[in-house]
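Below is one structure, written out as structure tokens, with a few remarks after it.
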Amino acid sequence: MKTLSKLPVRRWWYLMPIIFITYSLAYLDRANYGFAAAAGIENDLGITKGTASLIGALFFLGYFFFQVPGAMYAVKRSVRKMIFFSLILWGFCAAATGFVSNIPTLMAIRFTLGIVEAAVMPAMLIYISNWFTKSERSRANTFLILGNPVTVLWMSIVSGYLIQAWGWREMFIIEGIPAVLWAFCWWALVRDKPSEATWLSEEEKQTLQQAMDSEQTTIKPVRNYGEAMRSRNVIMLCAVHALWSIGVYGFMMWMPSILKNAAQMDIVSVGWLAAVPYLAAICLMLVVSWLSDKLQNRKLFIWPLLLIAGVAFFGSWMLGTQAFWLSYALLVIAAACMYAPYGPFFALIPELLPRNVSGVSMGLINSFGALGAFIGAWLVGYLNGITGGPGASYTFMATALFASVVLMYCVRAPGETTRGALQTNKAAG
């Protein structure tokens, strides 16, 4: 009989490219608005600074409201079907942005794009938890979330050239088409569960299922979704992700504009500079996810990195435009440390909750991340507009990250709970 150690290579090589490409396309079609903003979409449509920040953030409002319903559908019905239709719809929405001629239409498209992409992240996390064991999950999650910085890395360069060659309208159209085409590849390649896969032997399916089932025996049962969502850890993780996302998405949405204003560069140069923080993020994410799985200590690779990111943001603000390159280097550090903890963070959730509620709980936690993203994308843009510089927004993002550090430190991880119980039993004895 084949052991579980023989399975990972087959699953990693088959599933990870599919998962990575799918989430990359989702991230491409939500993040390219920042380059359109730097390229003049506001002037072309007559958008004020306050309205611009709201439009940039509307995606996350739609994303917030439909996370949990999407996760419930993925758990009860099919990740495969939901992602297929989402790919087609968000590709059309993204391409349609290139045809807008007024502000209300642009607002409606951004909000709709958030709705159709809402369940992608929790559905993918649910999918990974069905195919990968506890000792693999941080790395698997990281390959999913690598779609974020890797996409922004190449998008920062490609979008700059597309805008320079044609314009922001053509950029949206060209970058929306791949999602529609990929939908049919997804449908042909993906199956919801290992038991449905034709590329695994029966022995491999049974071994993998036994490993998944054995993990559930060590997790305290939870009766229903309501009980899970009221639990202390879920509430705290919702708050952590919201505060963390303020920093991540405030940075992602407005970094091109901040760099362009600070250094007075052309859009292609901005694209190259904006790509570097995401290259650093990719490298650190891979190292952190490997260490997290090896040491099986998730918290150790979450709150310390968020603390460093907050300090780097604050330092960048202190330096200001007087030392642009040093300030920029601190932004690179901040980006790397904000992205690196995602793998351990989402690996922690299935270790805290049983399978019957962990998927929807991930949807809830990610929805609060979307709420934080809305606040970050809107308020960072607003602060940049009314103050004429990034100083206030850097301080705001750093403060949010510091608050997430405090809350994450207070989350009770499985190992800590066990140690606390042993200490209590010893004291009672």
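Using a 4.5 Å cut-off on side-chain heavy atoms (C-beta onward), Leu15 and Trp199 make contact. Residues Arg298 and Phe345 have side chains not in contact (no heavy-atom distance under 4.5 Å, counting atoms from C-beta outward). You'll find the side chain of Val405 stays beyond 4.5 Å of the side chain of Ile302, heavy atoms only. For the pair Arg139 and Trp12, the minimum side-chain heavy-atom distance is below 4.5 Å. A 4.5 Å side-chain heavy-atom check between Ile18 and Trp182 finds at least one atom pair inside the cut-off. Looking only at side-chain heavy atoms (C-beta outward), Arg232 and Arg412 come within less than 4.5 Å of each other. You'll find the side chain of Glu175 reaches within 4.5 Å of the side chain of Leu162, heavy atoms only. No side-chain heavy atom of Pro344 sits under 4.5 Å from any side-chain heavy atom of Leu348.
Put simply, the side chain of Tyr127 gets close to the backbone of Arg191: a donor and an acceptor are under 3.5 Å apart. With Tyr278 contributing its side chain and Trp154 its backbone, the two residues share no donor-acceptor pair below 3.5 Å. Between the side chain of Ser292 and the main chain of Ser289, no donor-acceptor pair closer than 3.5 Å is present. With hydrogens and angles ignored, the 3.5 Å screen pairs a side-chain donor or acceptor of Gln67 with a backbone N or O of Ala118. Although no hydrogens or angles enter the test, the distance criterion places no donor-acceptor pair under 3.5 Å between the side chain of Asp192 and the main chain of Ser78. A donor-acceptor pair under 3.5 Å is absent between the side-chain atoms of Asn366 and the main chain of Gly369, judged by distance alone.
For the atom pair OH (Tyr339) and OG1 (Thr142), the distance works out to 13.5 Å, reported to the nearest 0.5 Å. Interatomic distance, Ile128 CD1 to Arg137 CZ, rounded to the nearest 0.5 Å: 9.5 Å. Considering SG of Cys337 and CE of Met285, their distance stands at 12.0 Å, rounded to 0.5 Å. For the atom pair CD1 (Ile19) and CD1 (Ile145), the distance works out to 11.5 Å, reported to the nearest 0.5 Å. Between the OG atom of Ser138 and the CZ atom of Phe301 there is a distance of 9.0 Å, given to the nearest 0.5 Å. In this structure, CD1 in Ile88 is found 4.5 Å from CZ in Phe184, a value given to the nearest 0.5 Å.
Nearest approach of Leu330 to Ala312, heavy atoms of both residues: O-CB, 3.4 Å. The two residues Val411 and Lys299 have their closest heavy-atom pair at O-NZ, 2.8 Å. Looking at every heavy atom in both residues, Gly91 comes nearest to Ala179 through CA-CB, 3.9 Å. In plain terms, the two heavy atoms of Cys93 and Ile109 that are nearest each other are O-CG2, 3.3 Å. Closest heavy-atom contact between Ala26 and Val120: CB-CG1, 4.4 Å. Met408 and Val240 make their closest contact through N-CG2, 3.5 Å (heavy atoms, listed as atom of the first residue, atom of the second, distance).
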TODO: Take Ile83 and Thr22 through the side-chain contact (heavy atoms from CB on, under 4.5 Å) test and state the conclusion after the steps.
DONE: CA-CA 9 Å; Ile83 298 293; Thr22 304; 3.7 Å; yes
- [ ] Report the C-alpha distance between Gln209 and Ser195 in whole Å, list the side-chain angles of each, state the deciding distance to 0.1 Å, and finish with yes or no for side-chain hydrogen bond (donor to acceptor under 3.5 Å, both in side chains).
- [x] CA-CA 8 Å; Gln209 192 59 53; Ser195 60; over 6 Å; no
Task: Candidate pair Val150 and Phe20, rule side-chain contact (heavy atoms from CB on, under 4.5 Å), full reasoning - done: CA-CA 10 Å; Val150 170; Phe20 174 82; 3.5 Å; yes
Task: side-chain contact (heavy atoms from CB on, under 4.5 Å) evaluation trace for Phe111 with Leu61 - done: CA-CA 7 Å; Phe111 183 75; Leu61 197 59; 4.2 Å; yes
Task: side-chain contact (heavy atoms from CB on, under 4.5 Å) evaluation trace for Met121 with Leu144 - done: CA-CA 9 Å; Met121 181 67 164; Leu144 163 66; 4.1 Å; yes
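Side-chain atoms of Ser135 and Asp293 include no donor-acceptor pair closer than 3.5 Å. For the residue pair Thr133/Glu136, the side-chain donor-acceptor check at 3.5 Å is satisfied.
Applying the side chain to side chain donor-acceptor pair (under 3.5 Å) test to pairs two or more places apart or on separate chains, those with a residue in residues 112-123 are Arg30-Glu117. Residue pairs meeting the side chain to side chain donor-acceptor pair (under 3.5 Å) criterion with at least one member in residues 236-247, sequence neighbours excluded, do not occur.
Centroid-to-centroid, the aromatic rings of Phe374 and Tyr63 stay 6.0 Å apart or farther. Under the 6.0 Å cut-off for aromatic ring centres, Trp186 and Phe84 do not qualify, their centroids lying 6.0 Å or more apart.
Taking the six-membered ring for Trp and thresholds of 30 and 60 degrees, Trp168 and Phe172 have ring planes more than 60 degrees apart, a perpendicular arrangement.
Considering only residues two or more places apart in sequence or on other chains, Ser24 meets the side chain to side chain donor-acceptor pair (under 3.5 Å) condition with Thr151.
Salt-bridge annotation for Lys205 and Glu202: present, with a side-chain N of the basic residue lying under 4.0 Å from a carboxylate O of the acidic one.
No more than 12 heavy atoms of other residues, nucleotides or ligands lie within 6.0 Å of CZ in Phe92, so this atom counts as exposed by the packing criterion. The environment of CZ in Phe396 is crowded: more than 12 heavy-atom neighbours from other residues, nucleotides or ligands sit within 6.0 Å.
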